[in-house]
Structures are given as structure tokens and as C-alpha cells.
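Structure first, commentary second.
Please read these numbers as outputs of a predicted model, since none were measured by experiment. Atoms within each ligand, like the ligands themselves, are counted from 1 in listed order.
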Amino acid sequence: MTSLDTNRFAHRHLLDIARLGAGDINQLLDLAESYANLSRTPDKKQSILRGKTQINLFFENSTRTRTSFELAGKRLGADVINMSVGSSSVKKGETLIDTAMTLNAMHPDVLVIRHSDSGAPHLLSQKVDCAVINGGDGSHEHPTQALLDALTIRRRKGRLEGLTVAICGDIQHSRVARSNIALLNIMGARVRVVGPTTLVPSNANKLGAEVFYTMAEGLKDADIVMMLRLQTERMQGSFVPSIREYFKFFGLDKEKLKHAKPDALIMHPGPMNRGVEIDSEIADDLNISAISEQVEMGVAVRMACLDLLTREGK
Ligand code: CP
């Protein structure tokens, strides 16, 4: 089988959303849509990436991103290697660059990297000969998350343009928020960020988001409510008085959701902290929650990224 999209993709790497245009995003989402349909058929295995090598290099923990990149590569027929950082020579002091040069000598076609340092995928892309995909770097960007969120919204609402999207919680430390704000602006959605003053960056409106400090105001007539967890792994010190108080003011429950549109869609990139940023009653209500569909779309979007970025002549 040849790819379901034969047009050239204009980029060698996927490092952030900021470098993409609306045409690139539509191309990725259209191809991902066809991979989503394919993934629901009994025979999911393709041979588009037969003979290609994909290395997943995760310096930070992951369930969804790592598993879905592995599944995406295997579904397209690639040889997929998950480098276990914990048992690698990184533990003996080998640097990121030396690790990259070592892997590069094995002629991979694509490297997927997650790293706690913002900019690590960009640095890597300058040192290797293959495509590099950012699987999340520090608090900078998580481009495939924004793409899978966009695909989920497009499937549920039929469009992105003109929708009001409220991104709520720990905006300050969130790479998901940054990538989503960038993508949704490119695609013509209205973006709001909602959270306590300690967790909303002072430059949020310069990024293209309207800032709100209460859920009542931020959720008013929203089409999409996207909840984020408190990213304690990137916090130094305390940003909220207590979890109980945080949930009271910023945790999404049925009462606060009444401010959004009656058909508002609830999203969360995961991992979720139930009872902290979201109530289980909301998260598990399949009529309003798209959280499982986001995970499903993650595989489809990553198949599209791997397909487009590993084409000959790049
Ligand atoms: N949303 C997301 O990146 O999840 P993981 O950390 O499990 O990959």
C-alpha cells in the first residue's frame, strides 16, 4: 500500500507548532483522519515504512505518547526501537549530543524525543541526519498533542475555526497549552486560558490567548473545555495553597461546567489527577468527555507524522 497522501510535506522535522502553517496542519489532520479510519478496521498493518527505522528516545516518563508512537510506527511497518534511557549509557554520563551521534551512526530514519529541557529536540535535529519529532520538551511544546487535540475537536465539532476553547489549570508549566494556543490561533479558533494568577504566565495574551482568573468567566459559552493537571515535576515551590482549595476554585465539576455551552466538549491530555483538576463524574461521562478519543487520535496523528516526515527526498 502507498500512503493515503501523496503530496510533499514542507518540513523535515516536527519540532513545534509555530513553524507550521494552516496548510501543513490540514495536511497532517486529513492524513491522520484516514489513519484513524484504517485503525478501526481489522487489518491495521501497513507497509509504508517497511525498511525504515524509528528510535523512540524518552528521557521523561510517558504512557500515551511513547506507546502511541511505537504503535504508529509498527502499524506502518517500521522497525521500532524504544531506547530505555534508564538502562542506557546516559546513566554513565553520556551527553544528549553524544547519545544522538551514536544513534545517528546506526542510520535511523526518524528519532522521537521527549526531554525535560526545552529546546532539546531542536538541538538534536542539528546533529542527526534523520527526521526528529518532538514528543514534548520541558515546558516548551508538545506538537503531536496539539495535533491530536485538533483532530479530536474537528471530528466532534466539524471545524476548528470560530470555536471558543478554554484551556484551564496550570498554563505556566504546560507545553500542551503552548502548542494548543499556537495551533488554535493558526486555525482561527478563539483561545482563553483560565487559572490562578500563580499558574498563568504574564505573557499569555501575547501568545494569543485571552486571560481569565475565574472558571465562571473563562468558561462562559465555551465550546471546548480543556483541563490540564498541575505539573508538579516542573514546579519549584508551591503554586497553590492546597489541593482541596485548588479543586474548589479551578477543578472542573458539573457546577462550573454549567457556564460553558450546553454541548461543550471536555478534553484532557492525560495523565489525569481525579479530584484535583477534574471530577470523575465529568471525566467518565462519554456524552461530554472526549478523553478516550484523544488517546485514539494520538495513534492516528503519529502515523501521519511518521509517514509524512520519512518520505524519500526529504
Ligand atoms: N499527554 C501525554 O503526553 O501523556 P504521556 O505523558 O502519558 O505521554
Residues Asp24, Arg19: salt bridge by 4.0 Å N-O rule:
no

Could you tell me whether Asp307 and Arg75 have a side-chain N and a carboxylate O separated by less than 4.0 Å?
no

Run the salt bridge (Lys or Arg N to Asp or Glu O under 4.0 Å) test on Glu217 and Arg192 for me, step by step, so that the C-alpha distance in whole Å, both residues' side-chain angles and the decisive distance to 0.1 Å come before the verdict.
CA-CA 10 Å; Glu217 290 171 299; Arg192 299 174 182 169; over 6 Å; no

Every residue of the protein that comes under 4.0 Å of ligand 1, judged on heavy atoms:
Ser62, Thr63, Arg64, Thr65, Arg114, His142, Gln145, Pro269, Gly270

Atom pairs and distances, side-chain donor-acceptor, residues 242-250, under 3.5 Å, sequence neighbours left out:
residue: Ser242; atom: OG; partner: Glu245; partner atom: N; Å: 3.1

Is it the case that the side chain of Lys127 and the backbone of Met101 share a donor-acceptor pair, with hydrogens and angles ignored and the cut-off at 3.5 Å?
no

Out of the candidates Leu184, Val165, Ile167, only one should pair with Ile224 under the side-chain contact (heavy atoms from CB on, under 4.5 Å) rule; please name it.
Val165

